[in-house]
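Okay, structure first, notes after.
To find a chain, count down the sequence lines: A is the first, B the second, and so on, and within it residues start at 1.
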Amino acid sequence: MMEEEYQLDYFRDHGLIRKICTSCANPFWTRDPGRVVCGDAPCESYTFIGHPVFDPHTVPEMREAFLSFFERHGHTRLERYPVAARWRDDIYLTIASIADFQPFVTSGLVPPPANPLTISQPCIRLNDLDSVGRSGRHLTLFEMMAHHAFNSQERVIYWKDETVAFCDEFLASIGADLTKISYKEHPWFGGGNAGPSLEVLIGGLEVATLVFMNLGREKTTETPVILDGDPYYPMKTRIVDTGYGLERFVWASQGSPTIYDAIFPTLIDSLIHEIHLEEFLSTQEYAHILALNAKYSGLVDIQGSSLLQMRKRMAYTIGVSFEDLQKVIVPFEKLYTIADHTRCLAYMLGDCIVPSNVREGYLARLVLRRTLRTMYELGIKTDLADLIEMQVKASGDQTFEQSTDVIREIVHNEVDRYRQTLQRGSRIIQKLASAYRKKNRSIPVAELITLYDSHGISPEMVRDIATQEGSEVELPDNFYSMVAGLHAQADSEREIPLEKYRDQVAGLPPTKKLYYEQTDDIEFDAGVIDFFDGYVILDQTLFYPEGGGQPADTGLLITTEGMIRVENTFQLGEVILHQTRGSVLYRGERVKGKIDEERRRSLMRHHTATHLLLRAAKDVLGTHIHQAGAQKGSESSRLDIRHYKHITPEEILRIEVLANQMVTEDSLISIKWEERTKAEQKYGFELYQGGVPPGKEIRVVRVNRDVEACAGTHCRSTGEVGVIKIIRIEHVQDGIERIEFAAGTAAIYYLQHLEGFLFEAAKAVSVQPENLPTTVQRFFTEWKEQRKEIGRLQKRIADLEIAHLETGKVGEVPVAVKTMIGTPSELVTIATGFAERGGVAVLLSGNERVHVVVASGNPKVHAVAIVQRVCQVLGGKGGGTSVLAQGSGSRIEFLDKALEEGRAAILGELNAG
RNA sequence: GGGCUGGUAGAUCAGCGGAAGAUCGCACCGUUCGCAACGGUGAGGCCGCGGGUUCAACCCCCGCCCAGUCCA
């Protein structure tokens, strides 16, 4: 980045001078001629601790000070966006204030909601998770106070000088001494954009970053700037992207040891009490350690692996033993972690994220479980839901959509579930440990990987428990990368079948989409624009292409020659392709199109019904209900929703009734194109249920109380949907429930189908359908009882049979070789009973196949040997154990010969020994 | 979205091709003034569901359902 970028008139006019940091060699601007270092970590330690650089502010006071300052200076104040980035499909969580305006506002496609604007945006970043609580400054959730100006070629709002002027003025307004501020030059790039940037430093702390985004990766005719090997081109929109860390401002205004002490005073106080850490605070020695640790913690960058080294260096720096430092610091770090994580969770859950094992839900669960682990380690018994509720209250519950009751329920669910996982885990480990102890081996790494990957048990936990059990564990340093290796298999790239035609259609005029204007029509006239490989492109069409979970229309194209079947319809760019088979069309030819009416009407009913069901589910289950996917069909459709527990049968009934009530209200469905930003401000991000559509304008579909951005075809009024019948609820994956349903005539067909089963089943047991449940119940119970009775009878028959089963004796050994009537299992019972009295039995039975059972009560006689010889005669096979063997053969005509063979075999065995 | 692990008695789990087992819990009997403990006896299983292979499947193969878990 070029040096001239930072040569601002403002700096010159206000007496700021450019210097080079003697520590890191980076350039910075300051009013203080004596300053030699840039003021950033690690060049300078925290000097504001104990010596605040701003007038004292609480979090709400500071936020208000900032927002109202910029409001006074011509900015429009915006409400914060949710921490779940629902308007984007490339990130799960809002990571910066500028993320609110990506990608459409920043690209210049959509005008910003206000210009210039100011906002205080809560952001969640989980990449520094290990540093949270330890560094004294890292947070999982922080509020980025910002003012943004979007400069277009037509309209320039302001640029660098004004931005720096605002910064100075704002800092002065909260009591900063401007001579203590330094502006460090810091070229910025990330997320495909770049530009010059200034870091604002005071008291050794970076409190804000002023980014002047003017470069992008999108290729233009202008000369690119090369950054980190990549070319960046000047952008049409130049954006002032500032970020003032709210929590850091509050911290610097209070000069407390850590950022956590500044922003969570109440929560930390109560936790300190709970685990009796006051003694550390009241002892002068410990208080001293804490203060020094805080001061120097800014200097060190924490990486998980080098933590130990860092801590040793820190102990050396502040002149205490490593052990003493650990003893004091560790509990506080954990405390801070809990304070931070619970606020992060308050925002995640408050903004309707549902914990699960996928997407942002997974991140919520990750943070929640981390919090629980830390609480267990510290011995904190307080209900996590209480802590989170405190954070919700502290942040102001009106900022959250989710009700506190639901948040509490979700947390309790998660706590329960985690406890169960841990219990299950320790049982598995104990079993494993004792198994390996018996083998006198240590638990191999392969087992650890399985435990972690499949059961969520950390290797540390395995080591702890296994050690208690007296077993050894091999735990390699690169354990987690070994696990990662397991998942490293690259997912095969999915081929998009139409991609090869993209260039071919690029030059064609966009197809006019009649299906949006003439929603009720089924016939249209059109001219053929192009034809290739069976794909027809028309100047206009009623055929709806596959999209938004709605399948494509099928139908006919009628020419002067005849009729052509349209089997599928796709959209490629702005052109719609009709897939046909077995005919040829010519450019310029006129055709008449006719879509399959019944199919289309059914799809429309199902699509509108999807919106109604989503609304109904939201009413019944809570505001967090959000569509996770949908597939419409003409016979039945599916709606996947995010929810934190299984939907109960009662809830299903209520949702169904509610949806059908909205049908009977027969309200008109309104569809109109609205400007994206305006629609977002008007309806909120609940608009985006089926993904985020591209473009400046979005198609807003209002069905009863449901408002969504949707590209599908819909009925004219809810009444046209007809009856909505939920067919089943499926649990697709953790946190996602699938509602399968039918609408209109399809629902009637389904009910008739269902009734068919009922009548058939009732007929089979000869009862009225309403008696079916009790009858089936009775039959099942009776069946079980009779099965037991049969067992008892078999045993009695066996006893009777055994009494006169003997067909002879070989020496002292009673022998029974005979045919009898009975199932193989009966034969087994009888033969075994005979063998228990020291005898040897060979029993045969059967009509089409001969079953052979041999039981031996004599150690000389091996049952398998006998059964094999007998079965061979019968043309079959068999096997078993030395005392009981079974087999069969198909050659009934050799029955007598088989009996003969059995006798001979026994004789042979007994005489041999 | 991609993996992995598991589903056997009320609970926790063995078994893993040749008649369904253990421990705890439960019921009853004994011991006891009574309880606990102990001894004895017993009840309790569509071995998740549906196909297939086999003389024979809880066990092997395929599909499905359910639960858990890791990664993106």
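- Ring geometry for A/Trp87 against A/Phe685 counts as tilted: the plane angle lies between 30° and 60°, on a 0 to 90° scale.
- Only the C1' atoms considered, B/A72 is 48 Å distant from B/C26, to the nearest whole Å.
- Remark: A/Arg417 is in phosphate contact with B/G68, judged by side-chain N or O atoms under 4.0 Å from OP1 or OP2.
- Pairs of Watson-Crick or G-U wobble type, with distances under 3.5 Å, assemble into runs of 3 or more in RNA chain B at these ranges: B:1-7 with B:65-71, B:10-13 with B:21-24, B:26-30 with B:38-42, B:48-52 with B:60-64.
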Just the atom pairs and distances: protein N or O near nucleotides 56-61 of chain B's N or O, under 3.5 Å.
none

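- To the nearest whole angstrom, the two P atoms, one in B/C55 and one in B/A14, are 32 Å apart.
- Within the 4.0 angstrom heavy-atom criterion, only backbone atoms of the sugar-phosphate kind lie near A/Gly456; the bases stay farther away.
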Between N or O atoms, less than 3.5 Å apart, protein on one side and nucleotides 21-27 of chain B on the other: list the pairs.
none

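- Of the side-chain N and O atoms in A/Arg424, none sit less than 4.0 angstrom from OP1 or OP2 of B/G68.
- By the side-chain hydrogen bond (donor to acceptor under 3.5 Å, both in side chains) test, A/Arg837 pairs with no residue at all, sequence neighbours left out.
- Between the C1' atoms of B/C29 and B/G18, the separation comes to 38 Å (whole Å).
- The gap from the P atom of B/U12 to that of B/G7 amounts to 12 Å, rounded to the nearest Å.
- Between B/G52 and B/C13, the distance separating the two C1' atoms is 29 Å to the nearest Å.
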Name the pairs: protein N/O against N/O of nucleotides 43-47 of chain B, kept only if under 3.5 Å.
unit_1, atom_1, unit_2, atom_2, d
B/G44, OP1, A/Lys788, NZ, 2.9

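- Within the structure, ring-ring contact (aromatic ring centres under 6.0 Å, His included) pairs that include any residue of residues 782-801 of chain A comprise A/Phe780-A/Trp783 (at least two apart or interchain).
- Here A/Glu737 does not pair with A/Arg642 in a salt bridge; the nearest charged N to carboxylate O distance is not below 4.0 Å.
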Identify each atom pair where a protein N or O and an N or O of nucleotides 4-9 of chain B are less than 3.5 Å apart, giving names and distance.
unit_1, atom_1, unit_2, atom_2, d
B/C4, O2', A/Ser454, OG, 2.5
B/C4, O2, A/Ser454, OG, 3.4
B/U5, O4', A/Ser454, OG, 3.3
B/U5, O2', A/His455, NE2, 3.3

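- When atom types are taken as modelled, the side chain of A/Glu656 and the backbone of A/Ile726 share a donor-acceptor pair closer than 3.5 angstrom.
- Pairs of residues two or more places apart, or lying in two chains, that qualify as salt bridge (charged side-chain N to carboxylate O under 4.0 Å, His left out) and include a residue from residues 862-890 of chain A are A/Arg869-A/Glu901.
- Between B/C61 and B/A67, the distance separating the two P atoms is 24 Å to the nearest Å.
- At whole-Å resolution of the value, CD1 in A/Ile91 and P in B/A72 are 17 Å apart.
- By the side-chain hydrogen bond (donor to acceptor under 3.5 Å, both in side chains) test, A/Gln786 pairs with no residue at all, sequence neighbours left out.
- For the side-chain hydrogen bond (donor to acceptor under 3.5 Å, both in side chains) test, no residue two or more places apart in sequence or in another chain qualifies with A/Arg787.
- Side-chain atoms of A/Glu360 and A/Met348, non-hydrogen and from C-beta on, never get closer than 4.5 Å to each other.
- As judged by a 4.0 angstrom heavy-atom cut-off over every strand, A/Thr421 is placed among residues touching the sugar-phosphate backbone only.
- Partners of A/Glu740 by salt bridge (Lys or Arg N to Asp or Glu O under 4.0 Å), not counting sequence neighbours, listed by chain and number: A/Arg728.
- Using C1' as the reference atom, B/G25 and B/G44 are 11 Å apart when rounded to the nearest Å.
- Taking atom C1' in both B/G40 and B/C46, the straight-line distance is 32 Å, to the nearest Å.
- Taking the salt bridge (Lys or Arg N to Asp or Glu O under 4.0 Å) definition, one finds that A/Arg903 meets it with A/Glu900, sequence neighbours left out.
- Residue contacts for A/Gly876: at a heavy-atom cut-off of 4.0 Å it reaches no nucleic acid atom on any strand shown.
- At the heavy-atom level, A/Glu836 lies under 4.0 Å from base atoms of the strands shown.
- Among the heavy atoms of the strands, none lies under 4.0 Å from A/Arg728.
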